[in-house]
Amino acid sequence: MNIAATLKSDITPEGSDYETVRKVIEMITEDYRHQPSLDDVAMRLGQSPTQLQKTFTRWAGLSPKAFLQAVTLDHAKRLLRQESMPLLETSFEVGLSGPGRLHDLFVTHEAMSPGEWKARGAGLTIRYGYHVSPFGLALVMATDRGLAGLAFADDSDEEACLADMTCRWPNAVYVHDQEATAAYALRIFDSARWNPQQPLRIVLIGSDFQIRVWEALLRIPMGRAVTYSDIAGQVGQPTASRAVGAAVGRNPLSFVVPCHRALGKGGALTGYHWGLTRKRAMLGWEAGRA
DNA sequence: AGCCGTCTCTTCT
DNA sequence: AGAAGAGACGGCT
């Protein structure tokens with residue numbers, strides 16, 4: 001089955017552009033010594049340069065050239081340097097729903113530890129659906145208390161993507177329900193619908209440590225970034241950056257909990273559960289909107 | 001080389 | 001079963 005094809009671009013106009021954009025990003029970053037020109041890329045994709053330029057700019061909000069600039073080491077370092085201290089000190093109440101656009105997708109969350117999850121969550125129903133997003137096909141999962149999972153699938157590995165998510169909460173009952181998740185998708189990926197008055201409700205399910213790390217991520221505003229060790233310090237375990245990395249990598253709410261804004265100390269992108277290209281894409285996409 | 005949370009496997013109650 | 005401990009293993013520094 002090809003879900004992506006049946007969905008068309010039901011979310012945002014940029015949604016259907018991602019496949020193209022992804023290839024472009026891959027080509028121009030994979031070997032930056034031999035960075036291909038836009039013409040080369042266009043030719044390899046079988047498109048005209050002007051058409052490609054247009055597609056890319058519509059998606060990114062930046063020209064390919066500007067985009068490339070926005071995902072270089074240099075720029076990453078700048079994101080890190082913007083005085084990050086104040087934002088990390090902000091308390092939750094203020095941080096998440098207060099003034100001052102912290103996370104631009106305003107979010108309220110409740111946390112569920114594995115214990116609680118076991119007690120209350122066994123048999124809890126999770127509805128899921130696939131939706132076109134600016135970052136490829138998105139798998140959206142929700143309980144009746146809010147958004148619980150967000151993952152991405154590249155061409156037709158929806159199965160693997162679903163498995164990746166369901167094995168995290170093996171006790172839940174899963175129901176494929178496109179209609180239940182459509183509204184979430186619509187709202188998450190369309191920045192015009194981000195609204196502090198009606199924050200998005202999310203449910204965080206994980207260990208204490210993981211929750212603390214994810215909460216820290218939620219406080220990084222759009223267009224900024226922090227290092228793993230920053231987060232370690234913030235959760236009160238300054239030497240635990242390695243462990244932080246692991247916890248960040250287990251984030252079940254990709255994009256919504258902005259784990260793509262966590263970088264290595266030198267500004268390198270290190271890893272990303274859903275592919276480094278996607279991390280790059282998110283950072284660049286945000287740069288075009290910040 | 002160290003740091004530290006998770007996961008897995010083992011052992012002990 | 002369930003608790004407790006040993007070892008291995010990372011989106012690090």
Side-chain angles (χ1 to χ4, degrees), chain A residues 22 25-26 29-30 32 70-81 84-85 88 103 111-122 135-136 138-139 148-154 157 160-161 163-172 204-220 222 224-287:
Chain A
R22 200 195 90 220
I25 298 174
E26 255 159 26
T29 53
E30 71 185 356
Y32 61 106
V71 294
T72 55
L73 252 192
D74 241 26
H75 184 263
K77 286 182 189 154
R78 219 170 316 134
L79 292 184
L80 291 173
R81 256 183 281 121
S84 59
M85 247 23 248
L88 289 178
H103 191 302
M112 233 188 253
S113 69
E116 282 177 279
W117 166 249
K118 204 172 163 196
R120 317 187 349 221
F135 308 106
L139 169 59
L150 180 56
F152 293 98
D154 283 320
D157 64 346
C161 178
D164 184 313
M165 296 305 286
T166 53
C167 71
R168 302 180 188 216
W169 312 303
N171 292 330
L204 261 22
I205 306 168
S207 71
D208 280 356
F209 183 77
Q210 289 175 327
I211 303 263
R212 274 187 290 147
V213 168
W214 299 338
E215 285 170 340
L217 290 174
L218 280 172
R219 274 174 270 171
I220 312 169
M222 172 130 155
R224 296 271 288 275
V226 300
T227 66
Y228 295 98
S229 43
D230 286 340
I231 299 173
Q234 216 236 330
V235 299
Q237 242 125 162
T239 56
S241 47
R242 190 79 196 251
V244 165
V248 170
R250 299 284 301 161
N251 165 32
L253 283 169
S254 177
F255 186 71
V256 171
V257 173
C259 58
H260 54 282
R261 296 179 195 149
L263 308 177
K265 193 150 206 170
L269 263 59
T270 62
Y272 194 69
H273 189 82
W274 305 107
L276 222 48
T277 298
R278 195 169 263 112
K279 185 170 186 174
R280 223 169 247 129
M282 286 180 184
L283 256 13
W285 186 84
E286 291 189 343

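All values below were derived from every heavy atom in this structure, side-chain atoms included, with hydrogens, water molecules and symmetry-related copies excluded. Chain letters run A, B, ... following the sequence lines, proteins first, then strands; residues in each count from 1.
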Q: Does the pair A:Lys265/A:Asp230 count as a salt bridge with the N-to-O cut at 4.0 Å?
A: no

Q: Within the structure, does a side-chain N or O atom of A:Thr239 lie under 4.0 Å from either OP1 or OP2 of B:dC4?
A: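 Answer yes for this pair, as a side-chain N or O of A:Thr239 is under 4.0 Å from OP1 or OP2.
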
Q: Could you give the CH2-to-P distance, from A:Trp274 to C:dG11, as a whole number of Å?
A: 14 Å

Q: Of the nucleotides B:dT6, C:dG11, C:dT13, which one has an atom closest to the side chain of A:Ser207?
A: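 Minimum distance to the A:Ser207 side chain belongs to B:dT6.
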
Q: What is the nucleic acid contact for A:Ala246, judged by heavy atoms within less than 4.0 Å: base, sugar-phosphate only, or nothing?
A: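 Contact class for A:Ala246: none.
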
Q: With the side chain of A:Ala243 defined as its heavy atoms from C-beta on, choose the nearest nucleotide among B:dC4, C:dG11, C:dT13.
A: B:dC4

Q: To the nearest angstrom, how far is A:His273 atom NE2 from B:dT6 atom P?
A: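 Going from A:His273 (NE2) to B:dT6 (P), I get 16 Å.
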
Q: A:Arg250 has an atom CZ; how far is it from atom P of C:dG10, in whole Å?
A: 13 Å

Q: Please report the distance, rounded to the nearest Å, between CG in A:Asp230 and C1' in C:dT13.
A: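 In whole Å, C:dT13 C1' and A:Asp230 CG are 12 Å from each other.
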
Q: Using a strict threshold of under 4.0 Å (side-chain N to carboxylate O), is an ion pair present between A:Glu215 and A:Arg219?
A: no

Q: Does any nucleotide pair with C:dG2 by Watson-Crick or G-U wobble geometry, both distances under 3.5 Å, and what is it?
A: B:dC12

Q: Counting only side-chain N and O atoms of A:Ser241, is one of them less than 4.0 Å from OP1 or OP2 of B:dC3?
A: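 No, because none of the side-chain N or O atoms of A:Ser241 sits under 4.0 Å from OP1 or OP2 of B:dC3.
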
Q: A:Lys279 side chain to A:Leu269 main-chain N or O, any donor-acceptor pair under 3.5 Å?
A: yes

Q: Compare side-chain N and O positions of A:Gln237 against OP1 and OP2 of B:dG5 and report whether any pair is under 4.0 Å apart.
A: yes

Q: When the ring planes of A:Trp285 and A:Phe255 are compared, do they come out parallel, tilted or perpendicular, using 30° and 60° as the limits?
A: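 Judged by the thresholds at 30° and 60°, the geometry between A:Trp285 and A:Phe255 is perpendicular.
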
Q: CG of A:Leu150 to CZ of A:Phe135: how many Å apart, nearest 0.5 Å?
A: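 The CG atom of A:Leu150 sits 10.0 Å away from the CZ atom of A:Phe135.
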
Q: Applying a 3.5 Å limit to both distances, which nucleotide forms a Watson-Crick or G-U wobble pair with B:dC3?
A: none

Q: From CD of A:Gln210 over to P of C:dG11, roughly how many Å is that when rounded to an integer?
A: 13 Å

Q: What is the distance, to the nearest angstrom, from the CZ atom on A:Arg242 to the C1' atom on C:dT13?
A: 10 Å

Q: Between A:Thr270 and C:dC12, is there a contact of a side-chain N or O with OP1 or OP2 at under 4.0 Å?
A: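 So the side chain of A:Thr270 is outside the cut-off, no N or O lying under 4.0 Å from OP1 or OP2 of C:dC12.
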
Q: Pick base, sugar-phosphate or nothing for A:Gly264, based on heavy-atom distances below 4.0 Å to the nucleic acid.
A: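 Contact class for A:Gly264: sugar-phosphate only.
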
Q: Check the distance between C:dC12's C1' and A:Leu80's CG and give it to me in whole angstrom.
A: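 That distance rounds to 14 Å.
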
Q: Rounding to a whole Å, what distance do you find between A:Leu283:CG and C:dG11:C1'?
A: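 The distance from CG of A:Leu283 to C1' of C:dG11 comes to 14 Å, rounded to the nearest Å.
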
Q: Considering every strand and a 4.0 Å limit on heavy-atom distances, what is the contact class for A:Phe209: base, sugar-phosphate, or nothing?
A: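 Here A:Phe209 touches the backbone only, sparing every base.
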
